[in-house]
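Accompanying notes for the structure given below.
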Number of protein chains: 2
Amino acid sequence: MTETTRRDRPRADTEREIRQQARRLLVEQGREAVTLRAIARQLGITAPALYRYYDSREDLLRRVIDDICLDLGAELTADLTRIDEHDAVGGVLAVCRGFRRWALAHPQEFTLVFASPDDSAHCEVDESTGKMMRPAKDQFGRIFLNMAGKLLATHKVLVPEEEKVPADLRADLIAFRGHLLAQIEHEGIELPEQALNLSVVYLMLQFWVRLYGQVALEVFGRFPFAVANPEPLFESMLTELFDDIGLADAS
Amino acid sequence: MTETTRRDRPRADTEREIRQQARRLLVEQGREAVTLRAIARQLGITAPALYRYYDSREDLLRRVIDDICLDLGAELTADLTRIDEHDAVGGVLAVCRGFRRWALAHPQEFTLVFASPDDSAHCEVDESTGKMMRPAKDQFGRIFLNMAGKLLATHKVLVPEEEKVPADLRADLIAFRGHLLAQIEHEGIELPEQALNLSVVYLMLQFWVRLYGQVALEVFGRFPFAVANPEPLFESMLTELFDDIGLADAS
DNA sequence: TCGTGTTGTAAACACCGTTAACCGTCCCGT
DNA sequence: ACGGGACGGTTAACGGTGTTTACAACACGA
């Protein structure tokens, strides 16, 4: 009976189980129910013991958020394995649909990650010694943008009028393009430099706005009227988005 | 010294002050800080006294949400007084910009009203005796749709291809159109029946998706990259939306 | 064997929502 | 004039919360 007590198992295992139970409570009973004592109860320990692993409830919640992001990323990646490697359009479609499916299936988690007041979340401030820095976060962004990059590498998209992008945004867009190019190259995807001109980057931004808006409205039930079956609405938006960039939705 | 104690003042005044202080806490310290005891402290009374006015904290929060909606409505209406009565385009623009300005200035309130998991919010179930029924809620929807209606009554919009609207949505759109027509007529606006065909209703839905998506992303800081100055992005979206329906943005 | 670090505990503090019992102060009907 | 509600407040209490403190058990290396 090697009955491994908690003391034996590596610390990381316990940390993981804590976050796991926290998430279970979040999903099943909402954010308010994620209580240190409730978590501890699930693990068969007492609340103060959790402070051996996390600085505070806030800290724990942040790590849970990171877990959620990783899970979302894993789910979308799994979806992509069912898509033909070279079907870039299908890949982007799968990512978009996967995002919606995930959000509807995990409203609490979606709210926590994608619809919580900016808790100064983007703390990537490192400074070589600064302990802050929580990446993950944009797992969805990474995967979505990767697929978009692959799509751009293999299809010629309908670039909108060159000078439609607002001048004040050029600096931001250029910086973002740099980020994108680095990441896409790091992923081993060939991308002709000019395929990612500012108009295209700008288009991707608008794509994200519509995708996010649609999904969030659906999760929160804030459409201006009761939509009996929101799926056609979503699909219609997708085909429209692809029409806009001159690609047929080979659904 | 007629020093009016709380007992004298009409009950409604106290109720209002309670919600007012609750909102102050919400704005200044976030949702979690909206505590019955904290509210009572501000009023110089004790927490259980609040139960004379509201059934529970949840109940109080719901009324606060209604207040927020009314305030948003009032603010937008005030914006509209500064617009020429007959400038429908300007009116819609003002409402959109006002919505964004309000959301950025009141992130906590925006989150509570527009980005909280569907707490079975749309309880308009009346049934002639049922006590449920909390209107307000869609103050923004009402004003926005009114302006849109006025715009449709005075301008000929570029109707997209008739049959682009997904078939499964027709029933919902028809019902919504009925709702819109009734409300617009109730507002005393003449609207030629066919000016509000299904394509137009569908367009308004997409308009809302993009407006909401953009504003929510900005409030939550969830754009895929750091946007130094989001305002041009918003304005660009607005002009694009108006371009799409064939109206010049007479900004 | 003797620290020493790790991981748990119990006790306590301050705060929370909510309920119960109580207590004046008005006002209204008899 | 007097009794009795309704009203609007109080205090006390229950069980819950995050968090800190002090303490106990165990593991392990010097």
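These numbers come from a predicted model, not from an experiment. Labels below follow one simple rule: chain letters A, B, ... track the order of the sequence lines, proteins then strands, and each chain is numbered from 1.
A/Ala103 and A/Phe110 make their closest contact through CB-CD1, 3.6 Å (heavy atoms, listed as atom of the first residue, atom of the second, distance). Among all heavy-atom pairs drawn from A/Ser116 and A/Arg31, the shortest one is OG-NH1, 4.0 Å.
The separation between B/Arg41 atom CZ and C/dG17 atom C1' is 13 Å, rounded to whole Å. Atom CD1 of B/Ile45 is separated from atom P of D/dC7 by 17 Å (rounded to the nearest Å). With rounding to whole Å, B/Gln29 atom CD is found 13 Å from C/dC15 atom P. For the pair B/Arg57 CZ and D/dT17 P, the interatomic distance rounds to 15 Å; values are reported in whole Å. Here the P atom of nucleotide D/dG18 and the CG atom of A/Leu25 are 11 Å apart, to the nearest Å. To the nearest angstrom, P of C/dT18 lies 10 Å from CG of B/Asp59. In this entry the distance linking CD of B/Glu15 with P of D/dG8 reads 9 Å, nearest Å. C/dT6 atom P lies 18 Å from atom CG of A/Leu50, rounded to whole Å.
Residue contacts for A/Thr35: at a heavy-atom cut-off of 4.0 Å it reaches the sugar-phosphate backbone alone, with no base atom in range.
Every side chain to side chain donor-acceptor pair (under 3.5 Å) that B/Arg24 has, sequence neighbours left out, goes to B/Gln21, B/Glu28, B/Gln42.
Distances shorter than 4.0 Å separate none of the side-chain N or O atoms of B/Arg37 from OP1 or OP2 on C/dC15. At C/dT7, one or more side-chain N or O atoms of A/Arg11 fall inside 4.0 Å of OP1 or OP2 (strictly under the cut-off).
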Handout entry: Step-by-step ring pair (Phe, Tyr, Trp, His ring centres under 6.0 Å) determination, A/Trp208 to A/Phe99
Key = CA-CA 11 Å; A/Trp208 169 235; A/Phe99 180 60; 5.8 Å; yes

Atom pairs, N/O to N/O, protein against nucleotides 20-23 of chain D, distance under 3.5 Å?
none

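Judged by distance alone, the side chains of A/Arg19 and A/Tyr54 do bring a donor and an acceptor atom under 3.5 Å apart.
Atom-to-atom distance recorded for B/Thr14:OG1 and B/Ile45:CD1 is 8.0 Å, nearest 0.5 angstrom.
Distances from the side chain of A/Leu36 to the nucleotides D/dT10, C/dC16, D/dT19 place D/dT19 closest.
A/Arg100 is not listed as a side-chain neighbour of A/Leu211, based on a closest heavy-atom distance of 4.5 Å or more.
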